[in-house]
Amino acid sequence: MKTLTAIIGADAGCGSTMCAETAAELIGKNASVLLISASGKFGDDYIQNKEGCSLDDLKAALLSGSLEEKEFLRSLVREKGIMILPSVRDPSDADRYTGEAMNCLLQAADRYEYVILDLGERMDSPFLLRGAEAADRRYFVLTQQAKTLRRFRERKEKILDPLSINGRIVINKYRRSSILPSAKEIESEFGMPVCGTIPWLDSGWQAEAERSILFRDGRALRTMENIAHEITGKMKVRKTWKKNWMFRKV
């Protein structure tokens, strides 16, 4: 694969799945991309998955380290222009996957130009940690909630820092308020650059109900387009204060 990107939630409900699928769909317009839902959670928030496929279909092969390409490809779902390996059907089995199972999975996925890993918010799993370690790029999805920031601080100090796992921050459901930490304050606290904010959107729950990502909102889309451009290393378009178009590399 050309690039392996991990999208990691700081806490449950931060929006890592939405960010992962949005990035995959944007990249998939011009390149071969595979989205792996490795969060360990049941369900497919933004896809139909009529085939009923899941990571569980590969469990025996992954645990034995003998995954064949045909078996891997049969477990994928094609939807919205991208290939997807859906998450587990039984969350209770998620802890059985090992770090070696992740190595085996990524080796099978090597044929795709870009691979996006949705790792959810659990950082105590060897399977998920191995995915985070192996990634070329990592994006941590946070909100401004005090409990989310506290939990992420603890995970960073106890798990991420000892393993030298770092990355960039995306702040979801962002609101400008004097009682909430700003993007600069969050960036300073965690020592990671904030690469974008996704504003609080009233249409967020509606998007989940419709199984669609937030393409309809220009503000959210711009942030995710910037991330997609970062992942691919392509040129991106920014508008200057004079309202002239200029091209600039990420």
Inset, instruction - Applying salt bridge (charged side-chain N to carboxylate O under 4.0 Å, His left out), name anything that partners Arg153, two or more places apart in sequence or on another chain. - result: Glu189
Legend entry - Within-4.5 Å side-chain heavy-atom neighbours: Leu4 and Tyr114: no
Legend entry - Side chains of Val115 and Val33 in contact at under 4.5 Å (non-hydrogen atoms): no
Legend entry - Arg138 (side chain) donor-acceptor with Asn166 (main chain) under 3.5 angstrom: yes
Inset, instruction - Report yes or no: does Gln144 contribute a side-chain atom to a donor-acceptor pair with the main-chain N or O of Ser182 at less than 3.5 Å? - result: no
Inset, instruction - Would you mind reporting whether Cys14 and Thr148 have side-chain heavy atoms less than 4.5 Å apart? - result: yes
Inset, instruction - Answer with yes or no whether the hydrophobic clustering places Val77 together with Leu58; edges join I, L, V, M, F, W, Y residues whose side-chain heavy atoms lie under 4.5 Å apart. - result: no
Legend entry - Residue Glu51 excluded, over 12 heavy atoms near CD under 6.0 Å: yes
Legend entry - Distance-only polar pair, side chains of Asp118 and Ser39, donor-acceptor under 3.5 Å: no
Inset, instruction - Evaluate the salt bridge (charged side-chain N to carboxylate O under 4.0 Å, His left out) criterion for residues Lys80 and Glu21: first the C-alpha distance (whole Å), next the side-chain angles of each, then the deciding distance (0.1 Å), finally the verdict. - result: CA-CA 10 Å; Lys80 302 179 181 180; Glu21 184 166 327; 3.1 Å; yes
Inset, instruction - Evaluate whether atom NZ of Lys50 has more than 12 neighbouring non-hydrogen atoms of other residues, nucleotides or ligands under 6.0 angstrom away. - result: no
Inset, instruction - Please test Ile171 against Thr143 for side chain to side chain contact (heavy atoms under 4.5 Å, CB included), starting from the C-alpha separation and ending with a verdict. - result: CA-CA 5 Å; Ile171 307 177; Thr143 66; 5.7 Å; no
Inset, instruction - For residues Leu76 and Cys53, determine if any side-chain heavy atom of one lies less than 4.5 Å from a side-chain heavy atom of the other. - result: no
Legend entry - Between OH on residue Tyr139 and CE on residue Met192, distance to nearest 0.5 Å: 13.0 Å
Inset, instruction - Return yes if some donor-acceptor pair links the side-chain N/O of Arg168 with the main-chain N/O of Arg137 below 3.5 Å, else return no. - result: no
Inset, instruction - Drop me the distance from Glu25's CD to Met224's CE, to the nearest 0.5 angstrom. - result: 10.5 Å
Legend entry - Contact summary for Gly167 and Phe140, nearest pair of heavy atoms: N-CE1, 3.7 Å
Legend entry - Residue list, side chain to side chain donor-acceptor pair (under 3.5 Å) with Arg175, at least two apart or on another chain: none
Inset, instruction - Decide salt bridge (charged side-chain N to carboxylate O under 4.0 Å, His left out) for Asp57 and Arg89; before the verdict, give the C-alpha distance in whole Å, the side-chain angles of both, and the deciding distance to 0.1 Å. - result: CA-CA 9 Å; Asp57 298 327; Arg89 285 188 290 266; 2.7 Å; yes
Legend entry - Heavy-atom donor-acceptor pair, Asn172 side chain to Val141 backbone, under 3.5 Å: no
Inset, instruction - Identify the two heavy atoms, one from Gly9 and one from Ser16, that lie closest to each other, and give their separation to 0.1 Å. - result: N-CB, 3.7 Å
Inset, instruction - Measure the CD-CG distance between Glu133 and Leu160 for me, rounded to the nearest 0.5 Å. - result: 10.0 Å
Inset, instruction - For residues Ala6 and Ala132, report the shortest heavy-atom separation together with the two atoms involved. - result: CB-CA, 4.5 Å
Legend entry - Stepwise salt bridge (charged side-chain N to carboxylate O under 4.0 Å, His left out) test for Arg155 and Glu121: CA-CA 10 Å; Arg155 289 169 180 166; Glu121 79 281 355; 5.7 Å; no
Scan the side chains in residues 60-74 for donor-acceptor partners under 3.5 Å anywhere in the protein, sequence neighbours excluded, and list what turns up.
from, atom 1, to, atom 2, distance (Å)
Ser64, OG, Ala60, O, 3.0
Ser64, OG, Ala61, O, 3.1
Ser64, OG, Ser66, OG, 2.7
Glu69, OE2, Arg111, NH1, 2.7

Legend entry - Distance (rounded to the nearest 0.5 Å) between Ile231 CD1 and Ile7 CD1: 5.5 Å
Legend entry - Note, Ile116 side chain near Leu34 side chain (heavy atom, < 4.5 Å): no
Legend entry - pair Cys195-Asn226: side-chain heavy atoms closer than 4.5 Å: no
Legend entry - With Asp11, the salt bridge (Lys or Arg N to Asp or Glu O under 4.0 Å) member among Arg122, Arg150, Arg151: Arg151
Legend entry - Least distance between heavy atoms, Ala31 atom then Glu113 atom: CB-OE1, 3.5 Å
Inset, instruction - For residues Phe127 and Ala101, report the shortest heavy-atom separation together with the two atoms involved. - result: CE1-C, 3.9 Å
Inset, instruction - Quick one: pull up CD in Glu230 and OG1 in Thr5 and give me the separation to the nearest 0.5 Å. - result: 10.0 Å
Legend entry - Donor-acceptor contact below 3.5 Å, side chain Asn103 vs main chain Gln107: no
Legend entry - Neighbour count above 12 (heavy atom, 6.0 Å) for Glu187 CD: yes
Legend entry - Co-membership, hydrophobic cluster, residues Leu163 and Met123, 4.5 Å side-chain: yes
Legend entry - From CG (Leu85) to OG (Ser75), nearest 0.5 Å: 6.5 Å
Legend entry - Beyond-backbone contact of Arg96 with Lys59, side-chain heavy atoms, under 4.5 angstrom: yes
Inset, instruction - Return yes if some donor-acceptor pair links the side-chain N/O of Tyr174 with the main-chain N/O of Ala183 below 3.5 Å, else return no. - result: yes
Inset, instruction - Indicate if Ile159 and Ile8 have the same hydrophobic cluster label, given that clusters are the connected sets of ILVMFWY residues with side-chain heavy-atom separations under 4.5 angstrom. - result: yes
Legend entry - 4.5 Å side-chain heavy-atom contact, Thr223 and Leu221: no
Inset, instruction - Applying side chain to side chain contact (heavy atoms under 4.5 Å, CB included), run through Thr232 and Thr3 and close with a yes or a no. - result: CA-CA 8 Å; Thr232 59; Thr3 300; over 6 Å; no
Legend entry - Check: Asp56/Tyr97 side-chain N/O donor and acceptor closer than 3.5 Å: yes
